[in-house]
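First comes the structure, then the notes that go with it.
The model shown is predicted, which means the values in this text are computed figures rather than measured ones. Convention: sequence-line order gives letters A, B, ...; per-chain numbering from 1.
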Protein chains: 2
Amino acid sequence: MTVPPGRRERKKAATRRKIAETALRLFLERGYDEVGIRDVAAEADVAVTTVFSHFASKEALVFEQDEDFEQRLRRAVTDRAPDEPLIPALRREMRELVLHCAADSAVPIWRMIDASPALRKYEESMRLRHAESLATAIAADPALSRTPTACRTIARFVIDAHSLAREAPDPDAAVHEIFRMIEAAWQTTTPTERPRPAVPARNTEPAPATTSP
Amino acid sequence: MTVPPGRRERKKAATRRKIAETALRLFLERGYDEVGIRDVAAEADVAVTTVFSHFASKEALVFEQDEDFEQRLRRAVTDRAPDEPLIPALRREMRELVLHCAADSAVPIWRMIDASPALRKYEESMRLRHAESLATAIAADPALSRTPTACRTIARFVIDAHSLAREAPDPDAAVHEIFRMIEAAWQTTTPTERPRPAVPARNTEPAPATTSP
DNA sequence: AACGTAGCACTAACCGTTAGGGTTTCAAAA
DNA sequence: TTTTGAAACCCTAACGGTTAGTGCTACGTT
């Protein structure tokens, strides 16, 4: 598993990192549309085909932490405390993600993204993937048990919250404002649940045959 | 304005229609990815540049009624009866739009769209435009007076409802399920209104000197 | 009738992306 | 150690969407 990675893997990772860093530097220096893939490849001293063996498209060079984002949201659902409700957990995670985007040194990157139609388009298609991934995680939680449509709807709302809050004048306040709406939407979808009335009714996990292979 | 259109305009419209019809026919016959712009131009007996003078991109050949969709949603807001609440008006319109997409002879077109990543991407970017347009219409209604973030959020939710309902097994039921959630979300955003009792000590915004220039 | 221009054609290219085919470098089996 | 397989990389050439440049022609207008 976690054996010391061989020279080959280290070199591959180094190449990938060099390409991504070079690309981002050139994009920020000259503008995304003014830099071609051939420029990136030449500056990183690799072949054009090598760039595309590491990144699926030119836009993917900009959205490197794409999978991070997706995974963090999924884990906010799956790894939350057993008694923590869904929406507050998602709100907490989304708040961190938004603040990270809005306040960090990532500001010029987002300015570049907002200025390029191609990048905005790509971001949109990523968001759909993220929403589906999040919807799957929500639907898989036996403590929630909503309809597929309800899960997908809430997932979309949460993903929407990211770009809406990011573009708001006060991102932190926007997260709270939007999640108040999401919470209300979620509350209307409570057919098969008993939150925590008199008895806490903590189910005791009778036979966890399969955990996580 | 509505003078009998001259020969030039009629010819232009005919060319545009011929291109669109030819393109859609070829796409459905052979598949979107199997038909090149050069094929469409040849079959429609025009130059490639002429195709692009009528349509901004290859994908735009498929989404001709794009502006219809946008306008119908905006008008569902602006042209609704003075006493009709927002969400029911939007739900009614969205229900029609979804049923139109799901039941009509438009089914093979949507099958084609769902099968092509390029078309799905394009549709996504359209949806962002539609959401912004709808948000503007909602924000402009003095009878509603919500925050910009609330307007944009609800607009996104409504646009999301379209694709979610379209993909659901029972689109009509999905529209109602999703709009129940949207209605609840909308209800939580009632700052400058007096729904009913016990004012919960909200600050009253004493002097709104600047409204919206 | 003359003029200005909108619409269209043609060529040639740009750019992202991929296929095809070859070389080096590593890792693990023999 | 040697062999062997394949992963990573390189190069060339091309494909397909898109655009610039340059005209020509037909139409609307004066």
Item to check | Side chain of K11(B) (C-beta onward), nearest among dC27(D), dT17(C), dG20(C) | outcome: dC27(D)

Checklist entry - Hey, are the side chains of F179(A) and R95(A) touching, using non-hydrogen atoms and a 4.5 Å cut-off? => result no

Next on the checklist: Need one value for V46(B): base, sugar-phosphate or nothing, where a base atom within 4.0 Å counts as base even if backbone is also close, heavy atoms only.
Outcome noted: sugar-phosphate

Next on the checklist: Are I182(B) and F157(A) packed together at the side-chain level, in the sense that at least one heavy-atom pair is separated by less than 4.5 angstrom?
Outcome noted: yes

Checklist entry - Nearest-Å distance, CG (L61(A)) to C1' (dG16(C))? => result 12 Å

Checklist entry - Counting just side-chain N and O atoms, does H54(B) come under 4.0 Å of either OP1 or OP2 of dC8(C)? => result yes

Item to check | F52(A), nearest nucleotide to its side chain (from dC8(C), dG16(C), dT18(D)) | outcome: dG16(C)

Checklist entry - How long is the line joining CG of D45(B) and C1' of dC10(C), in whole Å? => result 14 Å

Item to check | Value in whole Å for how far the P atom of dG17(D) lies from NZ of K121(A) | outcome: 13 Å

Checklist entry - Looking for any heavy atom pair under 4.0 Å, which part of the strands does D33(B) touch: base, sugar-phosphate only, or nothing? => result nothing

Item to check | Under 3.5 Å donor-acceptor pair, R38(B) side-chain atoms to dG17(D) base atoms | outcome: yes

Checklist entry - Expressed in angstrom and rounded to an integer, what is the separation of L26(B) atom CG from dG16(D) atom P? => result 15 Å

Checklist entry - So, does the side chain of T15(A) form a donor-acceptor pair with the base of dC9(D) at under 3.5 Å? => result no

Checklist outcome for this item: With the side chain defined as heavy atoms from C-beta on, A47(B) is closest, among dA9(C), dG16(C), dT18(D), to dA9(C)

Item to check | Check: I113(B) and F27(B) side chains under 4.5 Å, non-hydrogen atoms | outcome: no

Checklist entry - Which whole-number value in Å describes the distance from D39(A) CG to dC15(C) C1'? => result 10 Å

Item to check | Nearest-neighbour nucleotide for the R7(A) side chain, dA27(C), dT18(D), dC10(D) considered | outcome: dA27(C)

Next on the checklist: How many whole angstroms separate atom CZ of R10(B) from atom P of dA6(C)?
Outcome noted: 19 Å

Checklist entry - Could you give the CZ-to-C1' distance, from F27(B) to dG16(D), as a whole number of Å? => result 12 Å

Item to check | Heavy-atom check, side chain of I178(B) versus side chain of M94(B), under 4.5 Å | outcome: no

Checklist entry - Under 4.0 angstrom, heavy atoms only, what part of the nucleic acid is V35(B) near: base, sugar-phosphate, or nothing? => result sugar-phosphate

Next on the checklist: Given the structure, check if the side chain of T49(B) and the base of dC10(C) hold any donor-acceptor pair shorter than 3.5 Å.
Outcome noted: yes

Next on the checklist: Between R146(A) and T189(A) (side chain of the first, backbone of the second, donor and acceptor by atom type, cut-off under 3.5 Å), is there such a pair?
Outcome noted: yes

Next on the checklist: Under 3.5 Å, is there a donor on one side chain and an acceptor on the other for S163(A) and R156(B)?
Outcome noted: yes

Checklist entry - Just to confirm, is there a sub-4.0 Å distance from OP1 or OP2 of dA9(C) to any side-chain nitrogen or oxygen of T50(B)? => result yes

Checklist entry - How would you label the contact of R8(A) with the nucleic acid (heavy atoms, under 4.0 Å): base, sugar-phosphate, or nothing? => result base

Next on the checklist: From CD of E9(B) over to P of dA26(D), roughly how many Å is that when rounded to an integer?
Outcome noted: 19 Å

